[in-house]
Trainee: 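Quick one: the structure is below, and I'll ask about it shortly.
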There are 2 protein chains.
Amino acid sequence: MKNEHPKVAVDLVIFSIVDGMLCVALIQMKKKPFEDMWAFPGGLVGLKESVDAAAKRDLKEKTDISNVYLEQLYTAGDVDRDPLHRVVSVAYFALINSEKVTLKTSKKYKDIRWFPVNKLPRLAYDHSEMSKIALARLKSKLEYTNIVYGLMPESFTLSHLQQVYEIILGRKLDKRNFRKKIHSLRLLKKTGLFDRKTTRRPASLYKFKERKSKIIEIL
Amino acid sequence: MKNEHPKVAVDLVIFSIVDGMLCVALIQMKKKPFEDMWAFPGGLVGLKESVDAAAKRDLKEKTDISNVYLEQLYTAGDVDRDPLHRVVSVAYFALINSEKVTLKTSKKYKDIRWFPVNKLPRLAYDHSEMSKIALARLKSKLEYTNIVYGLMPESFTLSHLQQVYEIILGRKLDKRNFRKKIHSLRLLKKTGLFDRKTTRRPASLYKFKERKSKIIEIL
DNA sequence: ACAAAAGTGTTATCCATACACCCATGT
DNA sequence: ACATGGGTGTATGGATAACACTTTTGT
């Protein structure tokens with residue numbers, strides 16, 4: 001009668017904008033039966049750590065960053081989702097600004113890489129389903145919260161912010177309407193600095209007044 | 001090193017309208033350290049049942065009904081949420097039409113009863129927090145899905161439906177606007193019958209065209 | 001006849017959308 | 001001077017919100 005219980009794991013759907021595409025971080029597995037297949041990073045939850053803490057720990061291991069947007073997604077509890085063990089997995093989704101992050105592999109995995117969300121390989125476990133749910137949630141929350149801040153650098157131009165929205169939502173937005181909306185929400189403040197990286201007219205740089213999740217109608 | 005893992009449980013927040021109030025079902029506990037306290041019903045997930053199945057099983061045990069609206073809420077994973085064991089709990093919320101249901105206790109509990117959501121006793125574990133999250137989710141989903149059907153009998157009057165919305169949202173709605181909206185959504189059909197229980201002008205009875213969850217702007 | 005809930009339309013306001021030109025800069 | 005993205009305002013249509021009276025029944 002010992003050990004007659006499911007184990008608990010976490011899985012991380014880590015989103016970032018890389019090369020102008022919405023990407024997720026995937027690890028390549030070493031062990032059978034999923035050898036060489038790709039999956040979301042994750043791991044078992046220890047007896048003395050909270051599930052949230054396990055997700056944060058794992059995120060730190062893979063990206064070496066903490067203090068990012070991290071939200072529980074849902075819990076996958078099918079009996080056969082892992083063919084070898086009974087594992088109930090709590091999925092999280094994270095938003096990071098990839099510019100200063102390099103993904104770190106470990107002995108446990110063959111590789112870790114960014115994949116554009118619309119060009120995912122076949123994934124292990126029920127992770128294909130998980131990716132769909134995560135993407136739907138991201139799109140939906142983009143429209144009524146301020147969580148984009150998780151994907152943005154410290155300061156950025158309004159066009160850059162608009163691009164991120166367009167990439168994720170998969171449609172063009174009207175520049176004037178976008179700016180009108182963003183300004184009316186009063187989430188941003190001007191830094192007073194300008195983007196000098198471009199060779200054209202410099203754009204004002206903005207930053208978020210605060211970087212924590214709020215509920216707001218955006219688009 | 002054996003058994004060094006959290007266990008997995010489900011908790012059920014079962015909503016229903018009872019005596020014109022939004023209520024949840026609570027069980028009264030027998031065992032220490034929560035003796036006599038109230039909590040949401042729930043139980044451990046077996047090794048060979050999915051988490052969803054465990055939730056359904058538990059709901060059936062408590063209410064003797066199946067085929068109701070049941071949705072995963074979130075997973076509570078704090079280390080100390082249960083002082084005796086390490087239990088990660090997947091919370092669900094269910095909507096039932098209480099008219100034909102009587103709550104069933106069991107040897108495990110002292111009692112089971114409906115409590116109005118705004119008059120809850122102090123709850124065991126982290127269940128007070130859970131009740132807040134469940135209620136917020138119910139209110140929010142009421143506004144963009146058709147899940148009210150879970151709380152309604154087979155056929156009902158428009159005024160009855162409006163009352164249910166008003167009870168849950170905690171505010172009065174305009175009768176004409178409500179009806180305009182409901183009709184424009186085309187979720188209902190007239191049964192052709194009339195409510196003869198009242199002593200006044202009889203109201204048309206309606207039923208839902210289909211009883212499954214849909215995303216729709218309602219209020 | 002009266003009490004009580006059922007049923008029904010119109011107007012005003014707000015918000016989302018569509019749309020085009022001038023500006024500041026580096027080369 | 002020119003090429004490039006930055007920056008700005010207005011007009012229209014659709015949805016939401018406010019609002020009051022007539023109808024049908026049982027007693």
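Chain letters run A, B, ... following the sequence lines, proteins first, then strands; residues in each count from 1.
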Trainee: Among the nucleotides D:dG26, C:dT8, D:dT8, which one has an atom lying closest to any side-chain atom of A:Lys175?
Mentor: D:dT8
Trainee: Rounding to a whole Å, what distance do you find between A:Asp195:CG and C:dG26:P?
Mentor: 12 Å
Trainee: Could you give the CG-to-C1' distance, from A:Asp174 to D:dT10, as a whole number of Å?
Mentor: 12 Å
Trainee: At less than 4.0 Å, is any side-chain N or O atom of A:Ser159 found next to OP1 or OP2 of D:dG5? Yes or no.
Mentor: no
Trainee: Nearest to the B:Lys181 side chain among D:dT16, C:dT8, D:dC19, which nucleotide is it?
Mentor: D:dT16
Trainee: Quickly work out the A:Asn177 CG to C:dA20 P distance and round it to whole Å.
Mentor: 13 Å
Trainee: Whole-Å distance between C:dT25 C1' and A:Arg196 CZ?
Mentor: 8 Å
Trainee: Determine, using ring centers only, whether A:Tyr144 and B:Tyr144 are less than 6.0 Å apart.
Mentor: no
Trainee: Touch check for B:Thr157, heavy atoms < 4.0 angstrom, all strands: base, sugar-phosphate only, or nothing?
Mentor: nothing
Trainee: Starting at OH of B:Tyr206 and ending at C1' of C:dG7, how long is that distance when rounded to a whole Å?
Mentor: 9 Å
Trainee: For the pair made of CD in B:Glu143 and P in D:dT16, what is the distance, rounded to whole Å?
Mentor: 12 Å
Trainee: A:Phe156 and A:Tyr206: aromatic ring centres closer than 6.0 Å?
Mentor: no
Trainee: Is the ring centre of A:Phe40 less than 6.0 Å from the ring centre of A:Phe93?
Mentor: no
Trainee: Can you tell me whether the side chain of A:Lys180 and the base of D:dT10 have a donor-acceptor pair closer than 3.5 Å?
Mentor: yes
Trainee: Taking the six-membered ring of B:Phe115 as reference, does the NZ or CZ atom of B:Arg113 fall below 6.0 Å from its centre and within a 45° cone about the axis?
Mentor: yes
Trainee: Of A:Arg200 and B:Pro202, whose nearest nucleotide on DNA chain C comes first from the 5' end?
Mentor: B:Pro202
Trainee: Which whole-number value in Å describes the distance from B:Leu185 CG to D:dT16 P?
Mentor: 9 Å
Trainee: Check whether the side chain of B:Arg201 and the base of C:dA6 form a donor-acceptor pair under 3.5 Å.
Mentor: yes
Trainee: Run the ring-centre check on B:Tyr125 versus B:Phe34 and record whether the distance is less than 6.0 Å.
Mentor: yes
Trainee: Tell me whether the OP1 or OP2 atom of C:dA6 has a side-chain N or O from B:Ser204 closer than 4.0 Å.
Mentor: no
Trainee: Check the distance between C:dA6's P and B:Lys190's NZ and give it to me in whole angstrom.
Mentor: 14 Å
Trainee: Do A:Arg176 and C:dA20 have a side chain to base donor-acceptor pair shorter than 3.5 Å?
Mentor: yes
Trainee: Of the nucleotides D:dG7, C:dG26, C:dA18, which has the atom closest to the A:Arg179 side chain?
Mentor: D:dG7
